[in-house]
Amino acid sequence: MAHILDGKLLSAQVLEEVAREVEILKAERGVVPALAVILVGDDPASQVYVRNKAKRATEVGMLSIEYRFDADTSQEKLNKLILELNRDPTVHGILVQLPLPSHLSEDEVIAAIAPGKDVDGFHPQNVGALASGQPALVPCTPQGCMIMLQEVYEDLRGKSAVVVGRSNIVGKPMAMLLLQANCTVTIVHSHTVGIEEICRRADIVVAAVGRAGLVKSDWIKPGATVIDVGINEVYEEGRRKLRGDVDFQNVEPIAGAITPVPGGVGPMTIACLLLNTLKVAKEKSAFMKRNGLATEAM
Ligand code: NAD
């Protein structure tokens, strides 16, 4: 039986620590970390994500500011708001909920966000900084996966890790973080030949694909750690359910540790978003203090 990595519990611990630090920042520097979230259109899943992010931000004592635009809003209008938020010293984190309606350019929107406020870690400057081992705002989902791996391993050095999926938001940054932790990393994707065999040799398998139950029990080495990023809506016995990319029922008896879906990586993602927002607020406050500047206007 595998050790179940409980994302609800772990994220609650992270959020508790964030709330404690927010309190200190308020008391000592008069700074309230603020997160601006922009939602375009009425995609039901995006609405739920945005609501959850705002709720958690408020719970840890941050200021959550939501901006909602109609689905047919223009790129110029969106860019204009982002530029205003970039300039606003009281806003620490800016996040544009993806996906955007097809007439809008996600690349342009991401590039418009000031890298220092890019709490999703998607701006090319943060991507480059992560890849070259410099300080960066790191994408939230892979960051959450790394916290979960720390529950299993004191040191990841020398572990062989396979990341299934190569998206910019999960697969690639995940591989970068594992590499930074001195793992031997392989990325497999839709064109890889022999995925099963490659995964079977791994100590750690991270699945970020978007195909329910893709990773089967014969892909997994006994005792390996399996991190399931996938969130897939399926209908079973006429009911809507959320399933991961891993065939949990059959993989769990073989794995050493595994994340469930739901209740695994998902809650860690929001916790890491707030960790990033706190990081921006703390660094800015420290900068102001070092330079003898007041923080009242932050
Ligand atoms: P994506 O569609 O951008 O990328 C999927 C990747 O999987 C691609 O690189 C593709 O090459 C690869 N792939 C597709 N079919 C494959 C196959 N048969 N075998 C191997 N690789 C294959 O998806 P994404 O944005 O990276 O998200 C992946 C999953 O993670 C989705 O289910 C998404 O909902 C979920 N997700 C969860 C969270 C969270 O907080 N838990 C956050 C982001 C994404």
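Bear in mind the structure is a predicted one, so any value in this text is a computation, not a measurement. Note that ligands are numbered from 1 as they come in the structure, with each ligand's atoms numbered from 1 the same way. Residue indices begin at 1 and follow the sequence shown.
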State whether the side chain of [X] and the backbone N or O of [Y] hold a donor-acceptor pair below 3.5 Å, judged by distance alone.
X: K216; Y: N250; answer: no
X: N291; Y: L293; answer: no
X: D245; Y: G213; answer: no
X: R240; Y: V234; answer: no

Considering only non-hydrogen protein atoms, determine which one is nearest to [atom] and report residue, atom name and distance to 0.1 Å.
atom: atom 9 (O) of ligand 1; value: R166 N, 2.8 Å
atom: atom 31 (C) of ligand 1; value: G210 CA, 3.7 Å
atom: atom 35 (C) of ligand 1; value: V229 O, 3.5 Å
atom: atom 42 (C) of ligand 1; value: T141 OG1, 3.2 Å
atom: atom 44 (C) of ligand 1; value: V170 CG2, 3.9 Å
atom: atom 18 (N) of ligand 1; value: L214 CD1, 4.0 Å

Please could you name the atoms of ligand 1 that [X] approaches to less than 4.0 Å, counting only its heavy atoms?
X: S190; value: 11 (O), 13 (N), 14 (C), 15 (N), 16 (C), 20 (C), 21 (N), 22 (C)
X: N232; value: 32 (O)
X: I195; value: 19 (N), 20 (C)
X: T269; value: 39 (C), 40 (O)
X: I169; value: 25 (O)
X: R211; value: 14 (C), 15 (N)
X: G165; value: 6 (C), 7 (O), 9 (O), 12 (C)
X: G266; value: 40 (O), 41 (N)

Minimum heavy-atom distance between K117 and V91, given as atom pair plus value: NZ-O, 2.9 Å
For [X] and [Y], does a side-chain donor sit closer than 3.5 Å to a side-chain acceptor?
X: T90; Y: D88; result: yes
X: N79; Y: E108; result: yes
X: D118; Y: Q125; result: no
X: S160; Y: T184; result: no

Record the part of [X] in heavy-atom contact with ligand 1 below 4.0 Å; permitted values are side chain, backbone, both and neither.
X: V164; value: side chain
X: I231; value: both
X: V209; value: both

Under-4.0 Å salt bridge between K80 and E76: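 The answer is no: the pair does not qualify as a salt bridge.
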For I65 and V37: C-alpha separation, side-chain torsions, deciding distance, then whether side chain to side chain contact (heavy atoms under 4.5 Å, CB included) applies. CA-CA 6 Å; I65 319 154; V37 180; over 6 Å; no
Candidate with minimal heavy-atom separation from atom 3 (O) of ligand 1, of P173, S167, G171: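 The option holding the nearest heavy atom is S167.
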